[in-house]
Student: 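This is the structure, below, for whatever I ask next.
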Amino acid sequence: MSILVDKNTRLLVQGITGREGSFHAERCMQYGTNLVAGVTPGKGGEKVFDKVPVFNSVSRAVKETGANVSLIFVPPPFAADAMIESADAGVPLVICITEGVPVKDSMYVMRYLEGKQTRLIGPNCPGLITPGAKAKVGIMPGNIHMPGKVGVVSRSGTLTYEAVQQLTTLGIGQSSCVGIGGDPVSGTTFVDVLKLFNADPETEAIVLIGEIGGVKEQEAAAYIKANVKKPVAALIVGQTAPPGRRMGHAGAVITGTAALASEKMKALAEAGCHVIPSPAEIGSTVRAMLASRK
Amino acid sequence: MSILVDKNTRLLVQGITGREGSFHAERCMQYGTNLVAGVTPGKGGEKVFDKVPVFNSVSRAVKETGANVSLIFVPPPFAADAMIESADAGVPLVICITEGVPVKDSMYVMRYLEGKQTRLIGPNCPGLITPGAKAKVGIMPGNIHMPGKVGVVSRSGTLTYEAVQQLTTLGIGQSSCVGIGGDPVSGTTFVDVLKLFNADPETEAIVLIGEIGGVKEQEAAAYIKANVKKPVAALIVGQTAPPGRRMGHAGAVITGTAALASEKMKALAEAGCHVIPSPAEIGSTVRAMLASRK
Amino acid sequence: MKLHEYQAKKLLAGYGVPIPQGSVASTPAEATKAAEQLGGRAVVKAQVHAGGRGKAGGVKVVSSGAEAAEVAKRLIGSTLVTFQTGPQGAPVHQVLVEQTVDVARELYLSMTTDGGRRRPVIIASQAGGMEIEEVAKTHPDQIITEPIDPAIGLYPFQVRRVAEALNVTGEAARPFAMLLNACYNAYMEKDCSMIEINPLVITKDNKVLALDAKVTIDDDALYRHKAEAELRDKSQEDPLEVQASEHGIAYVKLDGDVGCMVNGAGLAMATMDIVKFAGAQPANFLDVGGGANEEKIAKAIELMLSDKSVTQVLVNIFGGILRCDVAARGLIAGIEAAGRQPRMVVRMLGTNVDEGKQILAGSGLKISLVNTLQEAATAIAAK
Amino acid sequence: MKLHEYQAKKLLAGYGVPIPQGSVASTPAEATKAAEQLGGRAVVKAQVHAGGRGKAGGVKVVSSGAEAAEVAKRLIGSTLVTFQTGPQGAPVHQVLVEQTVDVARELYLSMTTDGGRRRPVIIASQAGGMEIEEVAKTHPDQIITEPIDPAIGLYPFQVRRVAEALNVTGEAARPFAMLLNACYNAYMEKDCSMIEINPLVITKDNKVLALDAKVTIDDDALYRHKAEAELRDKSQEDPLEVQASEHGIAYVKLDGDVGCMVNGAGLAMATMDIVKFAGAQPANFLDVGGGANEEKIAKAIELMLSDKSVTQVLVNIFGGILRCDVAARGLIAGIEAAGRQPRMVVRMLGTNVDEGKQILAGSGLKISLVNTLQEAATAIAAK
């Protein structure tokens, strides 16, 4: 099991002939992911890595290769088109790495997806990985991961790698790790991923990594309180950020008391989560949490 | 039982202070329908028929009166707004009588409704009636109806009354009669209503009245063939209309062989329907059909 | 509402659709001037609301201003009969004088609203210059359709898909994409029912051009497009149909002698069917609509009776929104206004029916009142 | 990107939002002329990217051209310190000279994007002229929100709902509706992140007017709004932050002395947290982003080191899109460009990490390489 990607994943990369797309598509493939196709309009008929066919359109790629996951690296002005093209072609899981997609574009993409079967992760996210199935669909460094029973979900990119690194260093493996991205309007939420981890028999504990800004951590806390019996460790970063300043991406704007790190940590603690006191203590907190369960 | 409207119907009329709205709202009420509210922006606080409160907005009307069906009589430029307002307020059944709604407006309304819980009938339809429950939500003359077991569904307005008149004259009562309207883009389809009649224990036979143009009768035939065990009598009008001329509303344009009366009749016959040979023989055909079942 | 070719092209050009150079002429002198501005060589095209102009002699290539004047003189004021106009033809009041174009490929492109999908669709084919109905019959596989979600509009991947199916590549791909987007914007903003560009040509120097164009605007939306509503050319329509539509009445002239007046399109078709099954021929389709008032009914009767081929009349009113008393009063007023009363069978039912019948009975007019469709048919056949 | 009040008003007016008469002045003479055009009586408003101007002395009513010049002279070239600017204040280069208005009511109206609903929302309140955050705290029931479905746009029933909640009735209802539609059109077409009209006033003669206006445009969408991108006033921002953003680097100056360079906003915040927990103070927030290249890293280091308050540096790079070898080369180039190297702790992990570490080791620079966040914190605290 594990969630979202596994041995059955047939990966399609949109923008595969670009610099980033090409680099990361190869890394995914080298990690063990079944990369079946690439899409770059105008380059249909070519091959990359000597074997992966490139198509002009996602619908053609899906028809020819049975691709069921799409990973997007196209530049921001073309990202909405790429996401909608994959959904239109019936791809059930779409991950958009692209950073800097205009919020209006994302809003129309999300509106289009309402009621559709396609799940979108991102944009502006690192993607996801299931180490036990050797399935990596994203830009995370694969080698820091280790198969195991802890599910990781995070709004951040590099901070997710940090969390994984700390877990792996302590010998704590991961079932799947999902970076949901930090854009103000995006697809899959904390709650969506928590539902999946909660239902996944191969996930025994969960690490949630949040940030200041927005109310998504509070929604996660409410869901955990009501539904999750598995132990959850939670970190909120930005505890020391000065209020009212924009910290990198729009998701990290302090906009009222709910957006404060202290409020989020309070909500998560009340939901029964093990609150991680410092970014340096992710691994140790999870280790203690797992030990207390035994 | 019966379908869509019954004793539990709490009717709201949008445009109740207009000429048509007022006339027909009163007729619905006199027939026995539970008219609980009217909506006319700017006339909130007034009363019509000495007892029915008028509100400025549908959301307020729903909140105050528990209205669960909305009947729309507003002029064409305001019809889309009225339909969406009712859906936004969570009204589960909306019937739009208004004729002459721009097709683009209907297209946006229908797109808005995708994935929502609200069912729309119309626009440009006569509404629906359940004689056994004394529930009339439309502009049909109530007195021609008679409670019974035959469900009637039609694309046309006055032709539906014709059908009902013929049935009642022969002592054949109706469970519910639904006019789905003739606009090129509209809500509830033949198939939607057939599903309801098929599932309704109080409906024992079905009369379907179609027209030349479009492929909706073929879709109905396919559904009947696959799912409907109850006897269905079907009439197609426009058998003698010259091809290629527009006959009143855009739904009645001959646009290819599927749109021809002969093709539609063929499809319905193949689906096991009793094809009604002439508009004058609706009643007699149904009588024969019911007799053959006994 | 249909637009003339020159009007359709101007509308589309306003959104960025490339069209040939040219101008419209109402006189031979204007045609000369227009052709000379193009260097003499030009195409002169009769402006009528119908396809099939080429075969009917309505499109001529000329090589000088003088020749343009000759063609214009012959066309303007004439009546053009094409397979779409019917035998009465359509009057030509203007010609469009346009540059000639070096055509490399002819494609077909249109947009219309798909009622089943409830969305606008692009319809396209590599078989440009042919009637699409013909292509649909003979080579349905050569037609591609691309529905557009109005919630988000037309996206680039869809344009690429259409371009690929039409084999539009290289230099022409970008102008083709711009043209398609322009068409969609025009379609939505102007409440079109149809935009048809046939042929859409790719020139030898890789330009994309709407060589012919038809635009139809949703009549129900004209109230919010005043400028386009002004473009209506009533001379292209049957005068009775024009008068009827001005009163909100749907009227179509037919070949028979039984005038039919009905409320509701479905019942009107049913009534025509009945008349034919009874062995008579309807003189028209006439739907006064659901919300008719007395004046409208009167006007409908008056219009119908102004058609001298109408020798008897069948009125079939089923009162819903339209009340029978109102219909009866309108009927009487209409007969008075028309100044003649052929044999008349009236069938009336529904809201306020008794009042309606009383009014007719008290009018002193000779009217056969019947109760059922079958009786109506029998009465008509009995003549 | 923030616009000045006068720019925001011009943008909104282009969509039909009514604004007071007036003009912008860069000199006292222009202010005189502007006031005299209005008949002498006018409001002179300092143009800065911050609220709270009134209390800070940035808004004055004058009754003559001469008086306008006096106020303009005092304001232009000065630095205005409001509760939103921070102690360093914001420079005033222009004043807006506007007509005075007979105000009957002051309302609050804004539009922004609700990430949870994934839709634009209207936020409105009868408590106009107050900071909305303050109203939210003290009278949350007085704030109404109306989400707009981007698939279909803003509908009249929603406008009526907002108007009713604000008690905008009678003559003012229609212009209010037009204003709200204009705002929505501007919001969507110009990729706004926020439009705030505070106060929106209803005048004694029932006119609706945007008396003040703020507009913020989505930075990520500026590439398709060239005209608006030109309006950026960099003087209103920290010069280092401006330079950083020109290189796609997110940089926020803070009060401490530990320069932090990190890739990724979340890791950057985590790094700042670590520094603070270790008892030190971060000098900045600096995120080079996911797709940084060597030049960008170098520029980030150079910018950070140009802040003289930075006495030590913590670099925390977790390689994903950004490879560690690239980061290492950028780091070295940045130090060279800056011409100084304070004490430096580098923590580097992920893609191509060994290569990165080798490059740093081979550079000859004095850098403490650490492996974990905890070690980084300890190393920083050890100073």
Side-chain angles (χ1 to χ4, degrees), chain B residues 20 23-24 27 76-77 97 99-108 110-112 126 138-141 144 154-162 165-166 169 182-186 209 211-212 214-216 219 235 237-242 245-252 256 278-281, chain C residues 84 113-116 118-120 133 136-137 149-151 188 191-193 218-221 223-224 248 250 252 254-255 262-277 282 285-287 289-291 316-323 349-351 353 372-377:
Chain B
E20 299 298 344
F23 177 79
H24 287 291
R27 292 285 167 128
I97 305 299
E99 189 182 342
V101 178
V103 171
K104 183 172 75 175
D105 292 10
S106 295
M107 208 154 59
Y108 278 111
M110 294 313 304
R111 182 61 181 86
Y112 174 77
I139 59 174
M140 63 289 290
I144 61 172
S154 168
R155 260 168 90 176
S156 168
T158 46
L159 183 55
T160 318
Y161 317 157
E162 176 67 41
Q165 172 74 22
Q166 291 187 27
T169 301
D183 271 6
V185 173
S186 57
I209 298 175
E211 288 177 10
I212 52 172
V215 295
K216 285 177 178 152
E219 289 165 9
L235 170 70
V237 298
Q239 300 181 40
T240 62
R245 299 301 307 267
R246 188 183 151 127
M247 293 285 138
H249 53 60
S278 145
E281 295 168 51
Chain C
Q84 280 192 352
T113 298
D114 181 332
R118 297 167 172 141
R119 277 162 172 54
E133 290 85 351
K137 260 183 231 164
D149 184 343
M188 295 306 279
D191 277 280
C192 296
S193 316
D218 181 359
D219 289 325
D220 289 332
Y223 73 88
R224 55 190 176 204
V252 178
L254 299 171
D255 296 335
V262 192
N263 65 326
L267 191 59
M269 283 190 281
T271 305
M272 289 162 61
D273 286 358
I274 283 285
V275 167
K276 272 219 176 179
F277 295 156
F285 165 95
L286 195 165
D287 169 17
N316 189 8
I317 295 293
F318 215 124
I321 282 192
L322 171 59
R323 285 134 55 183
L349 269 176
T351 310
V353 61
T372 69
L373 267 190
Q374 196 53 62
E375 287 169 26

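This structure is a prediction, so every number in the text was calculated from the model and none was measured. Proteins get letters first, then strands, A, B, ... in listed order; numbering begins at 1 in each.
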Student: Could you check which of B/Ile209, B/Asp105, B/Val237, B/Val185 has the highest count of heavy-atom pairs closer than 4.5 Å to chain C?
Tutor: B/Val237

Student: Which answer fits C/Asp149, side chain, backbone, both or neither, if we ask what part of it has an atom under 4.5 Å from a heavy atom of chain B?
Tutor: side chain

Student: What part of C/Pro120 lies closer than 4.5 angstrom to a heavy atom of chain B: side chain, backbone, both or neither?
Tutor: both

Student: B/Val103 and side-chain contact (heavy atoms from CB on, under 4.5 Å): which partner among C/Asp220, C/Asp219, C/Asp218?
Tutor: C/Asp218

Student: Taking all non-hydrogen atoms of both residues, which atom of B/Arg111 and which atom of C/Ala151 are closest, and how far apart?
Tutor: NE-CB, 3.5 Å

Student: Can you see which heavy atom on C/Pro150 is nearest to which on B/Tyr108, and at what distance?
Tutor: O-CE2, 3.4 Å

Student: Against chain C, label B/Thr160 side chain, backbone, both or neither, depending on which of its atoms sit under 4.5 Å from a heavy atom there.
Tutor: neither

Student: With a 4.5 angstrom heavy-atom cut-off, could you sort out which part of C/Ala270 is near chain B: side chain, backbone, both or neither?
Tutor: both

Student: Work out which heavy atom in B/Gln165 is nearest to a heavy atom in C/Phe318; give both atom names and the distance.
Tutor: CB-CZ, 3.8 Å

Student: Output the distance between atom CG (B/Leu159) and atom CG (C/Leu373), rounded to the nearest 0.5 Å.
Tutor: 8.5 Å

Student: Could you look at C/Thr113 and say if it's the side chain, the backbone, both or neither that has a heavy atom under 4.5 Å from chain B?
Tutor: side chain

Student: With a 4.5 Å cut-off on heavy-atom pairs, point out which of B/Glu219, B/Lys216, B/Met110 contacts chain C the most.
Tutor: B/Met110

Student: Please flag which part of C/Ala268 lies under 4.5 Å from any non-hydrogen atom of chain B: side chain, backbone, both or neither.
Tutor: neither

Student: Could you state the interatomic distance from CE (C/Met269) to CD (B/Gln239), rounded to the nearest 0.5 Å?
Tutor: 11.0 Å

Student: Who passes salt bridge (charged side-chain N to carboxylate O under 4.0 Å, His left out) against C/Asp191, sequence neighbours left out?
Tutor: B/Lys104, C/Arg224

Student: Tell me the closest heavy-atom pair linking C/Ile274 and B/Ala280, and the distance in Å.
Tutor: CD1-CB, 3.5 Å

Student: Return the option, out of B/Pro77, B/Ser106, B/Pro102, with the maximum number of heavy-atom pairs under 4.5 Å with chain C.
Tutor: B/Pro102

Student: If you count heavy-atom pairs under 4.5 Å between each of B/Gln166, B/Met107, B/Arg27, B/Glu20 and chain C, which one has the most?
Tutor: B/Met107

